[in-house]
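Structure first, commentary second.
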Amino acid sequence: MRRFFALIVGVAILLTACNNNDDPGTIVQDPGNLNLVFENTVNGTSLDMAPTTYTNSSDETYTVNELKYIISNITLIKTDNTEYIYPVEDSYFLINEDGSKTANLSNIPADTYKGIKFGFGVDPTKYPIESGTLNFIPLAEEAGMLWTWSAGYKFLKFEGGYANATDPTNETPFLYHVGSHGANLDNYKEITLMLNEFGINSENTASKTIQFDVAKIFDSVHTLSLEEKNEIMVDPVNAPKIAENTSTAFSISE
Amino acid sequence: MKIAHYFILILFCWSCSSDSSDGDAITPTDDDTPMTVTNPLLDFTVPSNFPDATYSIAQNPPTEKGFELGKKLFYDGQLASDGVVSCGFCHIQSFSFTHHTHITSHGVDGQIGTRNAQPLHNLAFMNEFTWDGAATFLDTQPIIPITAEVEMNETVSNVISKLSADDDYPTLFAEAFGSEGVNADRLFKALSQFMVMMVSANSKFDKLERGESVTFTDEENAGMAIFDAKCASCHAGTLQTDQSYRNNGLPIDPQYNDIGRERVTGLPDDNRKFKVPSLRNIEITFPYMHDGRLGTLENVLDFYTDGMVDSPTLDDQFRRPDGTLGLDITAEEKGQLIAFLKTLTDNDFIEDRRFAEF
């Protein structure tokens, strides 16, 4: 009988431990959802695919045929500066200009938040060790986001055509594929965006639009000229520059 | 009574987990009936003369059902587009999981690869995989042969579809992982569970290292002394590899023009470098080199003394003071070295029924 009583107490403790709320005074709210919508832009206006042309700072005109990138490891920053880490195995998203551009996050603790952290690419320390991250492979594979000879992800696939401003009709294809190079070079980047405080609760699904400025792939921390190099794949010099530029391309305007 | 208490507590712990993924949490299937299938953990033991495992056994502990599933997958042609070329097609146990008559790997529709299938043993102790280190985790290595056009020429998505529609696999996946669901994570983890158990540590060399009751012949001892002096700087330690990438001076084969590790890193310094292979079971894993160009151990040693060509990334250890290339090993010493290399053969491993296809 005594043992049975101990069991009841034990179960009660476990049940309490299950409850995320340590303060018995506050009302526990049900978790809510957040949609992160990625909008690809060029210098502030929505990206149009080819044949619309844009100009980079190297005075080259370019068109975009394909733009895909991987977003992962999403963390939300609460107003008290504590963080909610979204379940890693569910936090891999492919953003495709010609497909899905939304990361739908569900079951987020009701709270007030003020920032979002996420990864560009796939963190080599979490891949593929954490349970479930390998489940992103079929989606990435179908989107052509795996290297063909190597067991790793392409973080960015950006392809199109370009021409020199003096001869704009003579278009040459370009191709930027950026990922990590085995264990040798890590192009994963972490991005933090602060925004106005917003609440997440079960009443309505919050939505935030994150802008990705395509022009920054060429021109940001580094300047990349397509005439100098129009095919960047496993390139230990230029791929890190693209990754660095790309990490500055995300912003939230409210 | 006590056991029942624990069981109830375990159920409560499960219900605490807030895992929202598609069936990855270890929860009982369907209703409240607990899983009736028992799935004991397998004993993965690091041999006493080995370094620590690099594979995270704690993250994917091999179980009886997981291992059996991994083994079935390893020998299943459904992982290839033609339904025939399984992993075991190129990785044959009696050759320590490589292939003898194929110089480079063979794939679907009679296609020929560009590299020699590597033996599979002691994978739980390796940092990176394949000749150029293109896979940084054992769990992701199978992506390469599955998707390579000249190997299994399949997609991971298609493999998952085929396995999901199979009569047996959905049940086997559920038994191995404790809940319903055929997915990529489980596919690769099951393959890893099978592969990490492939520990080869019972050669005469191992027994000597562990102080078990074996003695080397004079010839084997002499060979070991030469090996330690002239080979062990790269083929280092118990695993017989320092796991680095090096250019050993093989003449470039224009048929393949293989740039080696440069393909992975993009670094010109890595041009023509390949992983230093473990020499375990070397006697039975011919042909040799990344492209299988050398058929015998005698050929290999002759290459190391007289066959090298220079190139900018050639390993400095092969440069003699007089400017010529190669190692100094006499004909007599070659015989002794080969006698030593044969002590690395582990017959228990290649005859181990646990890994056998049939």
Side-chain angles (χ1 to χ4, degrees), chain A residues 3-4 6-8 10-20 31 86-91 105-109 124 127-143 146-153 180-186 232-240, chain B residues 1-2 4-5 8-9 12-13 15-25 56 59-60 127-130 132-144 146-149 155-161 181 183-189 192 245 261-270:
Chain A
R3 200 182 267 174
F4 183 68
L7 176 66
I8 296 288
V11 167
I13 288 167
L14 276 172
L15 282 173
T16 319
C18 274
N19 190 327
N20 283 329
Y86 195 70
V88 172
E89 66 271 25
D90 297 326
S91 78
L105 312 178
S106 57
N107 211 24
I108 297 167
Y127 162 79
I129 301 300
E130 302 228 5
S131 179
T133 54
L134 287 164
N135 284 329
F136 188 60
I137 285 173
L139 178 69
E141 174 186 65
E142 282 163 26
L146 294 181
W147 301 112
T148 49
W149 60 83
S150 181
Y153 291 109
S180 285
H181 303 172
N184 205 61
L185 177 67
D186 170 22
I232 295 177
M233 288 238 283
V234 180
D235 181 333
V237 176
N238 290 300
Chain B
M1 185 63 191
K2 216 172 194 178
H5 286 188
I8 292 167
L9 288 175
F12 272 102
C13 288
S15 66
C16 272
S17 126
S18 63
D19 196 297
S20 60
S21 66
D22 305 324
D24 288 313
S56 177
Q59 299 266 10
N60 184 27
N127 301 326
E128 293 165 340
F129 304 88
T130 78
D132 55 16
T136 50
F137 292 97
L138 183 60
D139 291 358
T140 57
Q141 193 285 334
I143 296 170
I144 300 173
I146 289 172
T147 59
E149 284 174 25
T155 65
V156 177
S157 323
N158 243 349
V159 171
I160 301 299
S161 306
N183 61 40
D185 188 64
R186 292 172 169 197
L187 164 70
F188 293 120
K189 290 213 159 111
S192 287
Y245 302 87
R261 182 151 172 81
E262 186 184 359
R263 191 169 69 165
V264 172
T265 64
L267 294 168
D269 283 353
D270 284 334

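With a 4.5 angstrom heavy-atom cutoff, B:A148 does not touch chain A via any of its atoms. At a 4.5 Å heavy-atom cutoff, the contact between B:R261 and chain A is made by side-chain atoms alone.
A distance of 7.0 Å separates OG1 of B:T140 from CD1 of A:I137, quoted to the nearest 0.5 Å. In this structure, CG in A:N184 is found 6.0 Å from CG in B:D270, a value given to the nearest 0.5 Å.
Of the listed residues (B:T147, B:I160, B:V156, B:T130), the greatest number of heavy-atom pairs within a distance under 4.5 Å of chain A belongs to B:V156. When A:A239, A:P236, A:G182 are compared by the number of non-hydrogen pairs under 4.5 Å with chain B, A:P236 comes out ahead. Comparing B:R263, B:E149, B:E128 by how many heavy-atom pairs each has under 4.5 Å with chain A, the most go to B:R263.
No side-chain heavy atom of A:L185 sits under 4.5 Å from any side-chain heavy atom of B:T265.
A:E141 contributes no side-chain N or O that, together with a main-chain N or O of B:T155, makes up a donor-acceptor pair within less than 3.5 Å. At distances below 3.5 Å, at least one donor-acceptor pair connects side-chain atoms of A:N135 with backbone N or O atoms of B:D185. A donor-acceptor pair under 3.5 Å is absent between the side-chain atoms of A:S150 and the main chain of B:V264, judged by distance alone.
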